[in-house]
Structure formats: structure tokens, C-alpha cells
K.L.:
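First the structure, then my questions, so here it is.
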Amino acid sequence: MSHPTVAHAFAALMNGHDPDAVDGFVAEDYVNHNPYVEDGREANRAFWGRWFAAFPDTRVTLEDVMVDGDRVAGRFTYRATHLGSLLGEEPTGRPVEMRSLDIWRVRGDGMAVEHWDELNTVEFFTQLGLSAPMSMPGEPAGLRSREEGDAA
């Protein structure tokens with residue numbers, strides 16, 4: 001494939017640490033089927049701003065990209081160090097590696113209007129020494145340290 005896709009634009013956003021890059025490939029009415037990121041371009045921009053504050057050394061590798069009709073799929077590997085607060089948790093200083101499979105529905109002008117992804121979140125949070133959150137953004141509850149166990 002010789003032309004860039006939304007998967008390439010996403011990798012550029014991540015490696016450039018530029019949340020404003022969403023303007024170039026995320027539609028205003030973007031629907032995001034990800035429990036950590038709300039719908040809409042502005043919510044996407046805000047999430048990546050928080051991500052880069054927590055993981056300022058993020059590097060992403062676009063491993064594969066496929067296009068079929070109005071769908072673009074990408075397989076990514078993320079590497080970063082937890083140096084800032086995320087989802088209410090203080091930085092651990094630990095390195096992480098995360099993988100994702102992302103699918104975007106793209107309209108004729110190249111803007112992504114819908115997104116699905118699968119992430120290795122249990123492994124991701126385990127690397128940080130945390131349990132995956134039992135609630136999503138906007139809901140009260142934080143993460144629990146794995147060292148704390150299940151004791152209340």
C-alpha cells in the first residue's frame with residue numbers, strides 16, 4: 001500500500017505526541033467503541049492529552065495495516081514509561097508494552113467516523129502493578145494495586 005491511511009495518521013499522532021493531530025483524521029461525530037475513550041473528536045483529543053501526560057515517552061509501531069472497503073485495520077505495539085497520573089493513579093515509573101488491533105470505519109473524505117479496538121489491558125495494568133479498573137471514566141472508583149490484594 002503506497003498511500004497513508006487513518007492507521008498511519010494515528011501512528012503519527014502517537015509518535016509525534018500531538019493530540020491536535022486528530023483534526024486531520026477523526027470526524028467530529030466520531031463513535032468510539034472503547035470504554036476508556038468517549039465519543040467525538042474532542043473527547044479523543046482530551047484522552048490523548050491525558051495519555052501523553054502519563055506516558056510522555058510513548059513510541060508506537062504500526063505492525064500491519066489492511067484496507068477493505070470503508071474499513072481500515074491496524075495492528076500496533078506501544079512502548080512507554082508510566083511517568084504521570086492516569087485514570088486517577090499516580091505514576092509507577094514502570095515501563096509498559098501494550099498491543100492493539102484497531103478498526104476504523106472511514107468515510108469518503110478519509111475521516112474516521114467509527115472505531116473499534118482490542119487491547120491487552122490486563123497485561124498492560126499488570127505491568128504497572130495495578131488491576132484493571134472495574135469502572136470506566138466518569139465513574140467513581142480507582143485502580144487497585146496488585147500488592148493490596150482483595151482486602152477491603
K.L.:
Strictly by modelled atom types, are N34 and D117 linked by a side-chain donor-acceptor pair under 3.5 Å?
P.N.:
yes
K.L.:
Partners of E28 by side chain to side chain contact (heavy atoms under 4.5 Å, CB included), sequence neighbours excluded?
P.N.:
R41
K.L.:
What I want to find out is whether D23 reaches R45 closely enough, with some N-O distance under 4.0 Å, to be called a salt bridge.
P.N.:
yes
K.L.:
With a cut-off of 3.5 Å and sequence neighbours excluded, list every side-chain donor-acceptor pair involving residues 63-70.
P.N.:
unit_1	atom_1	unit_2	atom_2	d
E63	OE2	T77	OG1	2.9
D64	OD2	R75	NE	2.7
D64	OD2	R75	NH2	2.6

K.L.:
I'd like to check the side-chain hydrogen bond (donor to acceptor under 3.5 Å, both in side chains) partners of R59; sequence neighbours left out, ordered by chain and number.
P.N.:
none
K.L.:
Mind checking what makes side chain to side chain contact (heavy atoms under 4.5 Å, CB included) contact with A9, not counting sequence neighbours?
P.N.:
F25
K.L.:
Kindly give the heavy-atom pair with the smallest separation between V6 and G110, and that separation in Å.
P.N.:
CG1-O, 3.4 Å
K.L.:
For D102, does its backbone N or O pair with a side-chain atom of S100 as donor and acceptor, under 3.5 Å?
P.N.:
no
K.L.:
Between Y30 and W104, does the ring centroid distance fall short of 6.0 Å?
P.N.:
no
K.L.:
Are V113 and V31 packed together at the side-chain level, in the sense that at least one heavy-atom pair is separated by less than 4.5 angstrom?
P.N.:
no
K.L.:
How would you list, by chain and number, every residue that makes a side chain to side chain contact (heavy atoms under 4.5 Å, CB included) with T92, sequence neighbours excluded?
P.N.:
H82, R94, L128
K.L.:
Could you tell me which residues satisfy side chain to side chain contact (heavy atoms under 4.5 Å, CB included) with R71, sequence neighbours excluded, listed by chain and number?
P.N.:
I103, R105, W116
K.L.:
Do the side-chain N and O atoms of Y78 and W51 include a donor-acceptor pair separated by under 3.5 angstrom?
P.N.:
no
